[in-house]
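Taking it in order: structure first as structure tokens, then the write-up.
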Amino acid sequence: MQFTAQELGLMLNGTVEGDPLVAVNQLGKIEEAQAGSLSFLANPKYEQYLYTTNASVVIINTDQVLARPVKSTLIRVDNAYVAISILLEKYNSIKLHKAGIEQPSFIHPSAALGENVYVGAFAYIGPNVKVGDNSKIYPQCYIADDVVIGNNVTLFAGVKVYFDCKIGDNVIVHSGTIIGGDGFGFAPAGDGTYNKVSQIGNVIIGDDVEIGANTTVDRATMGSTIIHKGVKLDNLIQIAHNVEIGANTVVAAQTGISGSAKVGENCIIGGQAGIVGHISIAKGSQIQAKSGISHSITDEGKKWAGAPAVSFSANMRSLIVINRLPELEKKINELEKIITELRSSH
Amino acid sequence: MQFTAQELGLMLNGTVEGDPLVAVNQLGKIEEAQAGSLSFLANPKYEQYLYTTNASVVIINTDQVLARPVKSTLIRVDNAYVAISILLEKYNSIKLHKAGIEQPSFIHPSAALGENVYVGAFAYIGPNVKVGDNSKIYPQCYIADDVVIGNNVTLFAGVKVYFDCKIGDNVIVHSGTIIGGDGFGFAPAGDGTYNKVSQIGNVIIGDDVEIGANTTVDRATMGSTIIHKGVKLDNLIQIAHNVEIGANTVVAAQTGISGSAKVGENCIIGGQAGIVGHISIAKGSQIQAKSGISHSITDEGKKWAGAPAVSFSANMRSLIVINRLPELEKKINELEKIITELRSSH
Amino acid sequence: MQFTAQELGLMLNGTVEGDPLVAVNQLGKIEEAQAGSLSFLANPKYEQYLYTTNASVVIINTDQVLARPVKSTLIRVDNAYVAISILLEKYNSIKLHKAGIEQPSFIHPSAALGENVYVGAFAYIGPNVKVGDNSKIYPQCYIADDVVIGNNVTLFAGVKVYFDCKIGDNVIVHSGTIIGGDGFGFAPAGDGTYNKVSQIGNVIIGDDVEIGANTTVDRATMGSTIIHKGVKLDNLIQIAHNVEIGANTVVAAQTGISGSAKVGENCIIGGQAGIVGHISIAKGSQIQAKSGISHSITDEGKKWAGAPAVSFSANMRSLIVINRLPELEKKINELEKIITELRSSH
């Protein structure tokens, strides 16, 4: 896609300064942009780059004062940051525009698709599946029996959704994510082997949830594993059976949440953290990356760190001493020597 | 699927008390169940819920004494827990019933499929593959050249099995799991770059193994990576080349086992644990979540924790002191002051 | 595939001792090999196995002296290790030989495929995609709009590449890996919910890179996430948006690198390590498994360990004291008692 400065100026309701016919076909940071790129300057702190950038077109604020001449074509707008956000969304919606039913795909005759649904080639939509309006099922997705998918949902290529799961409106799920695989439930048979416990629950994903790539959300043993409205999960996260994650909680990559744990609303959980099963995390908790949460957190809105985790500040204090442990031990040994001398000379 | 209390009573050889025509179409925990749900009471400890539940039908033990009237229809059976297990399995086997060869699928003419095999649409079965009786290859699975798959195996949607790998009987593999990808083997070329070491071994998976979603089991450099009979692996686990995992060992999510490590039988390994390469873990070892095992464990049946791991009890003792380190340091500094005074006044 | 000792001798320009017609159809370690296997002895340290092995054919060095009779057929070559490497590569290239366009596959009319390209069944190649010569796109791969793929590239079954990404020459990507999923970028809306930040950058993968199975490499918010030439990534790794990994750096399984981190050339990063966002790691750094890197590393070529990481040697010293903490605390308490006595008796 290529646009001239003039076309962009019209789109953004801005004023063009310089050659209106110069064209751009990519976006770049002002300090790294090449010829043919569009860039922007929203923060006056970076004004210096305006005079050295190779960007062909730069969007700037109306009130930006120029100290020196600029070789790029400028587009002046009320708010450069808002303007670039609008462009990014337009760009993305063009890039992500997909429509129609590609062939070959597998759509069971009993499945019900809404208006304006995209089904990519090699996607599989099983018996009794319902897909809402304007949803996009990319190639190689698998939607098993009786799954219900809301409106404006995007499942990128290769997402797998097991039977009976429910996905709300405006949900985005990235490639390779598995929703509704069996919970890890086995009962010892007494002879060292295990019997599988049937996992007959499902997964319910609320509206406005986004889930990254290659994450796994297991179905409940009975009942539902629930990801509430507005939750954001990163890549390679493990959500075990019967977990419940409160609204608007954000979880970074490679974190694992064990069976039946309940995480409150508006929590922020760092990467590679672990939460043991059957505990509750109070709403607004902030959990540092790599932490191991082994007990319920009942106090709302606090910060936690370490494995097993303690309060963030207690963890900081302990870490400082840990790095001084060898000298501390030396000091203790010296004190011991002095005391022995004192004692014997006493 | 909908059943009346009467139908369930016949299936379970139980006695119906209350309206035999009331119908249920889902299962729920007794304390959460809605109207239209089936529930059960196996543990007399939860008797209280029997009087408040909204479940339409509840399965209870024959000898359960009622203290108050109950509004649900009851089905009395010898053992409510066994009865519900039977129902769950029946439910699951109906839900997971799949048969026949869906189109389009790719089955190489040299592949040999057993009796009553399911091949989902967009599944790929390569040259010389053998699939045993009653096995199910869900949509979008990829089975490469010369793979051998036993009887009663279920590979859920999107499982990939590289060439030459062998899968035993009654194995279940969940979506997105990759079996037989190359081991991570590179030889330094001397100039900072690396040469790939060809990975020509395979993966052998024993009978009765279950593997979760998005787990990776690498092929051996030479010989076999072996997952023995009855092993249960959770989601997002990394099993490196030439690893061997003993029978009936259970590994929780996001654990990583490095190249050529040998894990004994009947071990229990928590989530996010790591085991370094070329070591052995004695049978019956129990490894705490997030542990890092850096040396061989020769003592059977012991518990380990920490990174690097020590015995569970030693780890507990150290953790207690770690959280007291700041006060311990303060105490040492105070003792030092006193000693200096004592000494100078001496 | 089956070869006689005679055929192997001709291939390797070696001398056959024993039955030249004995045939082998698999490879095995000399100490584990079964009848029908080919093995080799390169290291004289393992000579003992030569007299007990069940391998039908063993490749040995010309100058290997035999102390006792050997029942296997021997093939003598100048360098047994080099000979076996040649055979492994031949074996692998036969096993991995794939050619042609399998049906059904989806190739957009605007896509441009080079000479001798393999496209597996159920692979999806989107609009304007370019694929170089001799590249292999295995079944069920998804290559989105405008992706550029170099020469001699192998994408194993089920790899997904989002739009606009670029992959260099001689790259290998294993099954289930996702390239170009959205970076994890959300701006707080002020009411507890989040607005998605459009992720319009891409991923650039240099020549000679290998990426394991089920790894995720997110696209940049703007600009590019860059994996430079010769990098080797293992399985289940998370590479966040705008990360840059320097040439020939090696990263073990389950490690996570957060947004905008820059890792230098020729680093070695162990498994399950974590690197926080927006920091730089000096070239040649060696990072121990499970480490957490929370600050930039400016000193080149050093070893780091712990979470948060310190120098490898400082970490070792602290770890030694940590395991002695309980006895250290006891000692401090005893010293305290003595001091109190000394003081009172003073």
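Not measured: the values here are computed from a predicted model. Reminder, nothing fancy here: chain letters follow the sequence lines and each chain counts from 1.
The salt bridge (Lys or Arg N to Asp or Glu O under 4.0 Å) test with C/Lys95 is passed by exactly one of B/Asp145, B/Asp164, B/Asp182: B/Asp164.
Atom CG of residue B/Asp191 and atom CG of residue C/Asn248 lie 7.5 Å apart, to the nearest 0.5 angstrom. Distance check: B/Thr255 OG1 to C/Gln272 CD gives 7.0 Å after rounding to the nearest 0.5 Å.
For C/Leu328, no part lies under 4.5 angstrom from a heavy atom of chain B. Contact of C/Ala121 with chain B is made through backbone and side chain together, with heavy-atom distances under 4.5 Å. Of the two parts of C/Asn323, the backbone and the side chain both hold a non-hydrogen atom closer than 4.5 Å to a non-hydrogen atom of chain B.
Annotation for C/Asn214 and B/Thr215: closest pair ND2-O, 3.9 Å, computed over non-hydrogen atoms. When all heavy atoms are compared, the tightest approach of B/Ser198 to C/Asn92 is CB-ND2, 3.6 Å. Counting all heavy atoms, side chain and backbone alike, C/Pro326 lies closest to B/Arg317 at CG-CB, 3.7 Å.
Every residue was checked against the side-chain hydrogen bond (donor to acceptor under 3.5 Å, both in side chains) condition with B/Tyr138, not counting sequence neighbours, and none meets it.
A donor-acceptor pair shorter than 3.5 Å cannot be found between the side chains of C/Glu210 and B/Tyr194.
The environment of NZ in B/Lys262 is crowded: more than 12 heavy-atom neighbours from other residues, nucleotides or ligands sit within 6.0 Å.
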